[in-house]
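The chain is numbered in sequence order, starting from 1.
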Amino acid sequence: MAAENSSVTEFILAGLTDQPGLQIPLFFLFLGFYMVTVVGNLTLITLIGLNSHLHTPMYFFLFNLSLIDFCYSTTITPKMLKSFVSKQNIILHAGCVTQLFFFCFLVISESFILSAMACDRYVAICKPLVYTVTMSPQVCLRLVLGVYVMGFSGALAHTGSIASLTFCADNLVNHFMCDIFPLLELSCNSTYVHILVVFIFVTIDIGMPIVTIFISYGLILSSILHIHSTEGRSKAFSTCGSHIIVVSLFFGSGAFVYLKPPSILPLDQGKVFSLFYTIVVPMLNPLIYSLRNKDVKVALRKTLGRKIFS
């Protein structure tokens with residue numbers, strides 16, 4: 001996987017901080033985050049799989065979101081935790097490119113699954129009479145397949161661009177993971193074309209879902225304003241509330257990192273913003289959807305009840 005003429009066969013991940021006094025506290029903090037992420041997302045996946053009343057389009061997309069978040073966090077966090085307890089967090093060139101591929105694949109897939117969920121909410125609120133026909137199992141399956149195709153194609157483009165770079169001497173990656181801009185900074189050949197590739201694909205992979213979400217929620221808001229009963233409006237808003245919170249956290253932090261040139265946002269600050277969409281969002285998603293969702297609470301009580309009874 002190493003590029004031709006590249007003298008670098010391995011990288012050293014600098015991690016989040018170089019202050020010794022913060023290493024152990026941060027290790028336990030992010031270990032706790034990771035455990036909550038794993039337990040929360042696996043619990044949501046299990047509940048949706050075991051409870052037939054959750055076998056609806058909304059929860060089909062939520063199932064895939066939880067699966068993406070679990071894989072996403074597992075791709076990043078264990079390697080980051082190692083940087084807190086080892087003197088040098090070394091990763092092979094091939095391992096770095098592999099981590100970058102799965103990171104790009106999962107983060108792009110998450111952006112498109114969130115836009116698919118927005119479309120689902122639009123149909124549920126604005127076209128309730130044709131909801132079951134419009135969001136049929138075949139349509140949902142095609143949407144999710146499209147999500148993963150976009151994730152794969154975007155990851156292939158970014159990874160191919162980075163894998164073609166030449167790294168001459170410096171192998172210290174100023175990040176807790178193999179991300180695009182820190183690797184571009186280490187390259188000893190021209191990165192203009194590679195930066196252009198990044199902005200084109202990031203604009204597509206973030207821009208398309210954001211436009212879809214804005215259009216969906218614009219139409220939803222227009223529909224809600226035509227509902228005369230206060231109870232009906234409240235129910236419609238609560239249906240979308242969890243999704244709006246997740247979308248704001250994910251796209252807000254992601255766009256701030258990737259839609260600004262590295263010269264405007266220094267890498268040290270970029271690392272902090274990266275924590276939101278790589279560590280915090282995958283942890284919060286299952287909590288937001290379970291704490292604000294009566295169906296998930298009922299499913300949890302039923303599943304626990306069955307376990308206790310058996």
Side-chain angles (χ1 to χ4, degrees), residues 1-19 23 30 71-108 151-206 253-254 256-275 277-279:
M1 300 278 296
E4 286 185 26
N5 303 320
S6 180
S7 61
V8 173
T9 58
E10 62 185 25
F11 294 100
I12 300 171
L13 297 176
L16 193 61
T17 179
D18 57 359
Q19 297 184 33
Q23 300 288 353
F30 287 107
C71 298
Y72 184 23
S73 184
T74 302
T75 300
I76 304 300
T77 312
K79 196 65 182 171
M80 186 187 78
L81 291 173
K82 187 181 176 183
S83 66
F84 294 124
V85 293
S86 61
K87 291 183 179 179
Q88 284 191 339
N89 189 10
I90 295 172
I91 184 169
L92 295 175
H93 187 286
C96 190
V97 173
T98 301
Q99 186 189 53
L100 177 65
F101 174 83
F102 281 105
F103 162 68
C104 292
F105 170 66
L106 293 165
V107 76
I108 294 169
F152 181 80
S153 58
L156 205 59
H158 288 302
T159 308
S161 177
I162 295 298
S164 66
L165 292 173
T166 302
F167 302 98
C168 300
D170 190 6
N171 67 340
L172 180 63
V173 180
N174 187 18
H175 213 292
F176 55 82
M177 64 178 182
C178 289
D179 202 356
I180 297 169
F181 286 133
L183 290 172
L184 286 174
E185 191 182 58
L186 297 181
S187 175
C188 55
N189 50 9
S190 175
T191 59
Y192 174 77
V193 174
H194 301 279
I195 291 174
L196 191 61
V197 168
V198 171
F199 281 112
I200 290 171
F201 276 90
V202 169
T203 301
I204 294 170
D205 298 331
I206 291 182
S253 55
F256 203 86
V257 173
Y258 290 104
L259 293 182
K260 284 191 175 184
S263 57
I264 295 178
L265 182 67
L267 286 177
D268 286 335
Q269 294 181 29
K271 285 194 288 186
V272 176
F273 282 101
S274 297
L275 287 174
Y277 64 87
T278 56
I279 308 296

### Query
Nearest 0.5 Å, what's the CZ-CD1 distance between F199 and I204?
14.0 Å

### Message
If you compare all heavy atoms of A155 against all heavy atoms of I108, which two are closest, and at what distance to 0.1 Å?
### Response
N-CD1, 3.9 Å

### Query
Could you give the distance from CG (L16) to CE (M177), rounded to the nearest 0.5 Å?
11.0 Å

### Message
How long is the straight-line distance from CZ of F103 back to CG of D179, given to the nearest 0.5 Å?
### Response
4.5 Å

### Distance-only side-chain donor-acceptor flag, S274 / T278, under 3.5 Å
no

### Query
In terms of the angle between their ring planes, are H158 and F201 parallel, tilted or perpendicular, with boundaries placed at 30° and 60°?
perpendicular

### Message
Quick one, L184 and I162 - any side-chain contact, counting heavy atoms below 4.5 Å?
### Response
yes

#### Entry: From F84 atom CZ to F30 atom CZ, the distance as rounded to the nearest 0.5 Å
5.5 Å

### Message
I'd like to check F176 versus N89 (side-chain heavy atoms, cut-off strictly below 4.5 Å). Are they in contact?
### Response
no

### Query
Could you state the interatomic distance from CZ (F181) to CG (L186), rounded to the nearest 0.5 Å?
13.5 Å

### Message
List the residues meeting side chain to side chain donor-acceptor pair (under 3.5 Å) with K82, not counting sequence neighbours, and say none if there are none.
### Response
none

### Query
Hey, are the side chains of I180 and C104 touching, using non-hydrogen atoms and a 4.5 Å cut-off?
yes

#### Entry: 4.5 Å side-chain heavy-atom contact, I91 and V173
no

### Query
Yes or no on side chain to side chain contact (heavy atoms under 4.5 Å, CB included) for L13 and S83, after CA distance, side-chain angles and deciding distance?
CA-CA 7 Å; L13 297 176; S83 66; 5.6 Å; no

#### Entry: Side-chain heavy-atom pair F105, L156 within 4.5 angstrom cut-off
no

### Message
Suppose we screen for side chain to side chain contact (heavy atoms under 4.5 Å, CB included). Which residues come up paired with I12, at least two apart in sequence or across chains?
### Response
Q88, I90, N171, L172

### Message
Determine whether C178 and V97 satisfy the following criterion, side chain to side chain contact (heavy atoms under 4.5 Å, CB included), listing intermediate values before the conclusion.
### Response
CA-CA 7 Å; C178 289; V97 173; over 6 Å; no

### Query
Say you draw a straight line from OG of S73 to CG of L106; how long is it, rounded to the nearest 0.5 Å?
10.5 Å

### Query
So, the side chain of Q99 versus the backbone of T75: is there a donor-acceptor pair under 3.5 Å, distance only?
yes

### Query
Under the side chain to side chain donor-acceptor pair (under 3.5 Å) test, which residues partner T74, sequence neighbours left out?
Y34

### Task
Compare all side-chain heavy atoms of F102 with those of Y72 and state whether any distance is below 4.5 angstrom.
no

### Task
Spell out, as yes or no, whether a donor-acceptor pair under 3.5 Å connects the side chain of S161 to the backbone of A157.
no

